[in-house]
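Below is one structure, written out as C-alpha cells; the observations come after it.
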Amino acid sequence: MKTAVSAERWNWLFAPARADLGFAVRTACAAILSLLIAMWMELGSPQWAPLTVWTVATASRGESFSKARWRLAGTVVGCGVGVALIAAFPQEAGLFFLCLALWTGVCCGLATAFDGYRSYGFLVASFTAAIVATDGIASPGDAFFIAMARGTYIALGILCEAVLAMLFSPGMRERARGALLARLRGVSAMARQRLENWHAAEPGPATESALLADIMTASARIEFDVLEMGPAAGRVADHARAAVADLLAAMARVRAGAPWASVLRRLDGGERHIEAIAAPRRGDRFRFRSRSVRQATQGLRNGARVAAGVLAASVIWYVTAWPSGIGFIAYVVLVYGLLATREVPVLASAAFARGAVWCAVVAAVYVLLIVPMVTAPEMLAFCLLVPMVVGGLAARTPRLANHAFSFNMFLPVLIGPSNAGRYDESAFLNGTMAFLAAVFFAGAMFRLVLPFRPDEHLRRTIGWAERRLPGLATGRSVPSARVWLMTNAESMVRAVRTGRGVGEELLFAYFAAHMAVMVQGLCVIEIREAMAGGALPVPVARRLAAFLRVWTRNPARAAALVPALLRRAEMRAPAGEDLAAALRAIMLHDRSGGVSGR
C-alpha cells in the first residue's frame, strides 16, 4: 500500500497528463527561445527574459493574456519610478531606500484591493522599480539604459510566450466559448439539483460552502474565457456574470425560506443568460458589472509589512556593507512582490523557500559541472530543457505549484548565462547566497511583522458585512441584489480558503453567520426595490419603511412589527409571498444570535 501511494506521488513526473506535458514543453521552449534571442541580441542580462516567460505562462491563454498585459503596464511604471529614484537621490542612501520601501509598500497595499492580474500589475511596478533602482546605484548615469534593458527583456519574454502559445493553441476562440458554456451549464445543473434537495432538508455550512465555491470558481474563469474570445465576445461577460448572480440569488432564496417557485424563477433566469451566450442576439445591450471588495485593513497591513521588510533589508546592507547586499535587497522586493498578495503568505513562502533551495542546487550543478563544457548557446539551451520541463510539470501539480514557482523563475537567473562567459564560482556563490537569504528573510518577516491571522480575518470579514446592513435599509443609494450577492459570495469563499487553520467548527460558524447576513441584505434590498417600484399600496410601503428604520436601530423591537405586516392581505396574496419570506428572513439572524448564523 505504501509503495502504491509513493508511486502515485510521482505520477506528475513519470506519467503526466497530456495537457500538463504540453504546457511544460511549450513553456520551456518559449523560455529557451527568449534566452537565445536575448543572447543573440547581446543583451547584458539575458536571463531575465526566460524569467518573464515563466512568470506570465499559465494553463489558460486568457490568463496569460491578462497577466502579460498587466505585467507590461507594471513594468513601464516601475521603470519610470526606478529612474526617478536614482535621479532624485543619487548620493542619499537613507532617503533612497526609505522612498523605495514606501513605494513598494504602497504598491503591495494597493494590489490587495484589486482582483485577478490587475493586482499583479501593482506588484510588478514595485519590484521592477527596485531592480532598476538597485542596479543603478553603482552607475547612476546609466539608470535610463538599465530601465530600457529591463523593459526589453520583459517584452521579449512576453512575446516569445505568446507566439508559442498561439502556435500550440489553434481554434482558441471557438474553444473558449464552448468551455465557458460547458462550465456555466454544469454549475447551473449542479446548483439546481442540490437546491431541490435543500428545499426539503436544510444543508450544513460545509455543503453550502462547497456549492458556493463551485459557483465562484466558474465566475473567476469568466474574464479569461472572454479574453480568449477576443472582440467577438460581445456581451458574453455581462450575461455570464448575471447567470452566476442568479444562481447565488436562488441559493440565498432557498436559505431565506422563499417559495420554490421563486427559486425556480432565479434558476430559469440564469439559464436564459447562458442561452444568450450560446445564441447571441444582434444589438444586445445587456450590461452587468460587479466588483470584489477587499478590506482596507488587510491592504494597510500588507503594505506596512512589505515596507518594513524592505527597510530592514536596507539596514542590513547599510550596516554590514555586504558586497552582494544590493542584490539581496532587490531579491527581497521581488519575493515580496511575488508572495505579498497570496491569501496566506506564510504558507506560500514556506513552499517557495523549498523550491528556491532546489533551484540553487540544480543551478550549482549546471554552473560548476555542465556550463564549463558548453561551447555554444544552442547546447546550453538543450541542457536547460530537462530541468525546465520538469519544473513545468511540477507547476501543474497543485501540491508542488509554489515549489515550482520559485524554481522555474530563478533557475536561469542563478545560472546567469551570457555571451561573455559564465559566472565564476565566487560570483555564483555570492549571488546564490543573496537569493536564498532574501527568500528566507522574506519568509521570516511574513511570520514576525503583522502576521496574517485567519481568525482575525474572519472577524473583519463578518464585521464588514454587518456594518453594511443599516445602509441597505435606510441609505439613499442601494446596490442591486446581484451586486450584493456577488460581493459577499466572493468574500465568503476567500475567507473559507484562508481560514482553514482556525478549526472547521469555528470556520463554518463564521461562514453560516456571513451567509445569514448576505440573505438578510438580499431581503432588505428586495423590500426596498418593492417599495420603490410603486406596485405596493402606499400604506403598506409606509409600514415597510417604518419597519426598516426601526430594524436598523432596534432589531428586537422591529420583530414585534413583523406579525402585523404579515397579516396584511398584500402579503398573503401569491404576489406577496416573496415579500413575506423576505420579512421573515430578515429577523432570522437576529433571533439566532452571535456567530452561529442560524
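Looking at residues two or more places apart in sequence or on another chain, you find a ring pair (Phe, Tyr, Trp, His ring centres under 6.0 Å) between F122 and F114.
A distance of 9.0 Å separates CG in L184 from OG in S219, rounded to the nearest 0.5 Å. Atom CG of residue L393 and atom CG of residue N11 lie 12.0 Å apart, to the nearest 0.5 angstrom. In this structure, the separation between CZ on F547 and OG1 on T552 is 10.0 Å, given to the nearest 0.5 Å. Between atom CG of residue D238 and atom CZ of residue F286 there is a gap of 6.5 Å, rounded to the nearest 0.5 Å. Note that CG of L195 and CZ of R255 are 12.5 Å apart. Values are rounded to the nearest 0.5 Å. Residue I527 holds its CD1 atom at 9.0 Å from CH2 of W551, rounded to the nearest 0.5 Å.
Contact detail for T112 and C108: the closest heavy-atom pair is OG1-O, 3.0 Å. Between L339 and A348, the shortest heavy-atom contact is CD2-CB, 4.2 Å. Nearest heavy-atom pair, A252 versus M518, reported as atom, atom and distance to 0.1 Å: CB-CE, 4.3 Å. When all heavy atoms of I525 and A481 are compared, the closest pair comes out as CG2-N, 3.8 Å. The heavy-atom pair separating C107 from S126 by the smallest distance is CB-CB, 3.6 Å. Considering all non-hydrogen atoms of both residues, A256 and V519 come closest at CB-CG1, 3.5 Å.
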Side-chain donor-acceptor contacts of residues 272-279 below 3.5 Å, not counting sequence neighbours, with atom names and distances?
unit_1 : atom_1 : unit_2 : atom_2 : d
H273   : ND1    : H239   : ND1    : 3.0
H273   : NE2    : R482   : NH2    : 3.2
E275   : OE2    : R185   : NH2    : 3.3

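Inter-residue side-chain proximity for W12 and D20 is flagged as unmet; no heavy-atom pair is nearer than 4.5 Å. Residues L248 and L212 meet the side-chain proximity criterion, which asks for heavy atoms closer than 4.5 Å. Side-chain contact check for L180 versus I222: some heavy-atom pair is nearer than 4.5 Å. When side chains are defined from C-beta on, L338 does not count as touching L123, because their heavy atoms never get closer than 4.5 Å. Counting heavy atoms from C-beta on, the side chains of M515 and M251 come closer than 4.5 Å. Here the side chains of L247 and S188 are in contact, with some heavy-atom distance below 4.5 Å. Taking 4.5 Å as the limit, every side-chain heavy atom of P280 sits out of range of all side-chain heavy atoms of R235. In this structure, H403 and F352 have side chains that are not in contact, with every pair of non-hydrogen atoms separated by 4.5 Å or more.
Residue R528 forms a side chain to side chain contact (heavy atoms under 4.5 Å, CB included) with just one option from L472, L548, L544, and that option is L548. L72 pairs with exactly one of T52, I158, V124 by the side chain to side chain contact (heavy atoms under 4.5 Å, CB included) rule, that one being I158.
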Practice task
Starting from the C-alpha separation in whole Å, work towards a yes-or-no answer on side-chain contact (heavy atoms from CB on, under 4.5 Å) for R468 and T487.
Solution key: CA-CA 12 Å; R468 295 195 66 193; T487 300; 4.1 Å; yes
Practice task
Begin from the C-alpha positions of R542 and M531 and carry the test side-chain contact (heavy atoms from CB on, under 4.5 Å) through to its verdict.
Solution key: CA-CA 8 Å; R542 288 176 178 171; M531 292 163 52; over 6 Å; no
Practice task
Take E271 and R266, measure what salt bridge (charged side-chain N to carboxylate O under 4.0 Å, His left out) needs, and give me the verdict at the end.
Solution key: CA-CA 9 Å; E271 290 186 356; R266 292 297 185 184; over 6 Å; no
Problem - Stepwise side-chain contact (heavy atoms from CB on, under 4.5 Å) check, V163 with C160 - result: CA-CA 5 Å; V163 169; C160 289; 6.0 Å; no
Exercise for the section: Check step by step if side-chain contact (heavy atoms from CB on, under 4.5 Å) holds for R301 and E456. Expected result: CA-CA 12 Å; R301 291 167 65 94; E456 291 182 4; 4.0 Å; yes
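Side chain of N488 to main chain of W484: a donor-acceptor pair is present (N/O by atom type, distance under 3.5 Å, no hydrogens or angles). N408 contributes no side-chain N or O that, together with a main-chain N or O of W54, makes up a donor-acceptor pair within less than 3.5 Å. The backbone N or O of L400 sits nowhere less than 3.5 Å from a side-chain atom of T397 that would complete a donor-acceptor pair. Looking at S262, its side chain never comes within 3.5 Å of a backbone N or O of A258 through a donor-acceptor pair.
More than 12 heavy atoms of other residues, nucleotides or ligands sit less than 6.0 Å from atom CZ of R399. Other residues, nucleotides and ligands contribute over 12 non-hydrogen atoms within 6.0 Å of the CZ atom of R192.
Sorted by first and then second residue, the salt bridge (charged side-chain N to carboxylate O under 4.0 Å, His left out) pairs involving residues 545-563 (not counting sequence neighbours) form an empty list.
Using cut-offs of 30° and 60° on the angle between ring planes, the pair F511 and F508 is perpendicular.
Taking a cutoff of 4.0 Å between a charged side-chain nitrogen and a carboxylate oxygen, R265 and D268 do not qualify as a salt bridge.
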